[in-house]
> 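Following this message is one structure expressed as C-alpha cells.
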Amino acid sequence: MSKKTPILILENLTKKFGDVIAVDNVNLEIYEGEIITLLGPSGCGKSTTLRSIAGLEKVDGGEIYFKDRNDGQMKPITNLAVRKRDMAMVFQSYALWPHMTVFKNVEFGMTVGSRQIPKEERKERILKALKMVQAEKLAERKPSELSGGQQQRIAVARAIVVNPSILLLDEPFSNLDAKLRIETRSEIRTLIKKIGLTAIFVTHDQSEALSISDRIAVMNKGIVEQVGSPLEIWQHPFNSFVGAFIGEANLIKCQVLNLENNSAVLCLLNSNDCFKSNQIKGLKVKENVHVILRPQMIEISHDKSETKNQITAKILESMFMGTLEYVKVELSNKTILTIHRKIIKEVPLERGEKVFLEIDPDQAFAYGGEFQTPAVY
Ligand SMILES: Nc1ncnc2c1ncn2[C@@H]1O[C@H](COP(=O)(O)OP(=O)(O)O)[C@@H](O)[C@H]1O
Ligand SMILES: [Mg+2]
C-alpha cells in the first residue's frame with residue numbers, strides 16, 4: 001500500500017432488515033492495492049457491508065463509489081447490477097457448483113454477463129488461475145472429491161480468474177482446521193500482493209485480521225469504531241470495545257484520583273493501590289474507569305521500587321508455554337489478571353507469593369463511560 005488512492009468509497013452506507021440496522025451510516029475509504037479487513041463480533045454487520053459492496057443487498061441509504069478502470073473516475077455504483085461491478089467474491093461456504101468439474105467451476109464466471117470471453121482465452125486463464133492457487137492437478141475433479149482446503153483454493157481461483165479490481169472474501173478460512181487456516185491465510189496474502197489486487201476481507205477472528213491486513217476496520221453494532229493499521233489499532237485503541245476486542249486484554253476497574261497534564265493517577269476500586277496512566281482521553285477526577293492492560297505489557301518483579309509504576313499482586317498460578325510463561329495473579333481488590341512473562345533469566349514464581357507489577361503508563365488504556373463488552377462469537 002504505497003500510494004493512497006481510493007478505489008472504493010462507502011458514504012453513509014445504511015442497510016436495515018426490518019427493525020435491525022445491520023449497517024449504520026458507515027463511512028470508509030478503501031485504497032488501491034490494500035488488504036483491508038472488516039473485523040467484529042458476530043452480527044455486527046460485516047457480511048451485510050460486504051454484500052452491499054458486491055450488490056447482493058439493496059441498501060437503504062448512502063452511496064458506494066467505485067473507481068472505473070477505464071477512465072479512473074470514481075462513480076456511484078450503489079444501484080448497479082451485481083454482474084456489472086468489477087469485483088469478485090469468495091463466500092464462506094465456497095459456493096462451488098457440485099455437478100461441475102473444477103475447470104467448469106472456474107470457467108463459469110467468464111461465460112456469463114459482461115465477462116464473456118472466447119474459449120481459448122478462457123482455458124489459458126483457468127489454467128493460470130489454478131496454477132496460482134497450486135491446484136492445476138485438480139482441474140477434472142468434482143468439488144465432492146476435494147478437501148476443504150482444496151475447495152477453498154478453487155473458490156479463490158474462480159474469483160481471480162475474472163480479473164476483478166477488488167476481491168471480496170467473507171470468512172474464507174472459517175471452514176478450515178486451525179493449522180491449515182494459518183497456512184492458507186499467509187498464502188492468500190502473498191497471492192493477493194503478487195497479483196496486486198485490492199481485497200476486502202471479513203472475519204470475526206482478530207488474530208487473522210491482525211496477520212493478514214494492511215488496515216483493519218473494527219465494526220460493532222453496525223458502525224465502524226476505528227480504522228487503522230493492525231499496529232495502530234493494537235497500540236492505540238480508541239475505546240474500550242476496540243481495546244478489548246483486539247489483542248488480549250485484562251480489564252481493571254479503577255477510579256481517577258487526580259489528573260495532571262496528560263496523565264492520571266488511577267486507583268483500583270476498593271483498594272489503595274494506585275498507578276499512573278498516560279492513556280486518559282477525556283477523563284474526569286473521581287470518575288470510575290475501565291483500564292485495559294495487555295498481558296505482554298506487565299512486568300512482574302519480586303522487589304518493590306518507589307520509582308517504578310507498581311501495584312501489588314499475589315501469584316495464583318503459572319503455566320509454561322514455550323518461550324513464555326502465562327501467569328495468573330490476583331490484585332489487592334481481587335481482580336485477576338493474566339500476564340505473559342518471558343522466562344529467560346527470570347527468578348521462578350511461587351504460588352501465593354507477593355509480587356509487584358510494573359505497569360507502563362503508556363500501555364494502560366483508561367476509558368470512561370460504559371464498558372462495551374465484545375460479544376463472544
Ligand atoms: N437477510 C437477513 N434478514 C434479516 N436480518 C438479517 C439478514 N442478514 C443479516 N441480518 C441481520 O443483520 C445483522 C448483521 O448481520 P451480518 O451482516 O450477517 O453480521 P456479521 O457478518 O458481522 O456476522 C444481524 O443482526 C443479522 O441478524
Ligand atoms: Mg458474516
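Whatever order the structure lists them in is the order used to number ligands and atoms, beginning at 1.
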> With only distance considered, is Phe17 within less than 3.5 Å of ligand 1 through an N or O on each side?
no
> Is ligand 1 less than 4.0 angstrom away from at least one heavy atom of Gly40?
no
> Is it true that the side chains of Thr312 and Asp273 contain a donor and an acceptor less than 3.5 Å apart?
yes
> With respect to Thr49, determine whether any N or O atom, backbone or side chain, lies less than 3.5 Å from an N or O atom of ligand 1.
no
> Check for a donor-acceptor pair, side chain of Gln206 on one end and backbone N or O of Gly247 on the other, with a separation under 3.5 Å.
yes
> Under 2.5 Å between the SG atoms of Cys267 and Cys274: is that the case?
yes
> Taking atom types as modelled, is there a side-chain donor on His340 or Glu325 under 3.5 Å from an acceptor on the other?
no
> For ligand 1, which part of Val20 has a heavy atom less than 4.0 Å away: the side chain, the backbone, both, or neither?
side chain
> Show the atoms of ligand 1 that are less than 4.0 angstrom away from any heavy atom in Ser42.
23 (O)
> Does Ser47 reach ligand 1 with a nitrogen or oxygen that is under 3.5 Å from one of the ligand's nitrogen or oxygen atoms?
yes
> Tell me whether Thr48 has at least one N, O or S atom under 2.8 Å from the Mg ion (ligand 2).
no
> Can you list the atoms of ligand 1 that are under 4.0 Å from a heavy atom of Ala22?
12 (O), 13 (C), 14 (C)
> Any side-chain donor-acceptor pair under 3.5 Å between Asn309 and Asp360?
no
> Any cation-pi pair here, Lys104 with Phe108, using under 6.0 Å and within 45°?
no
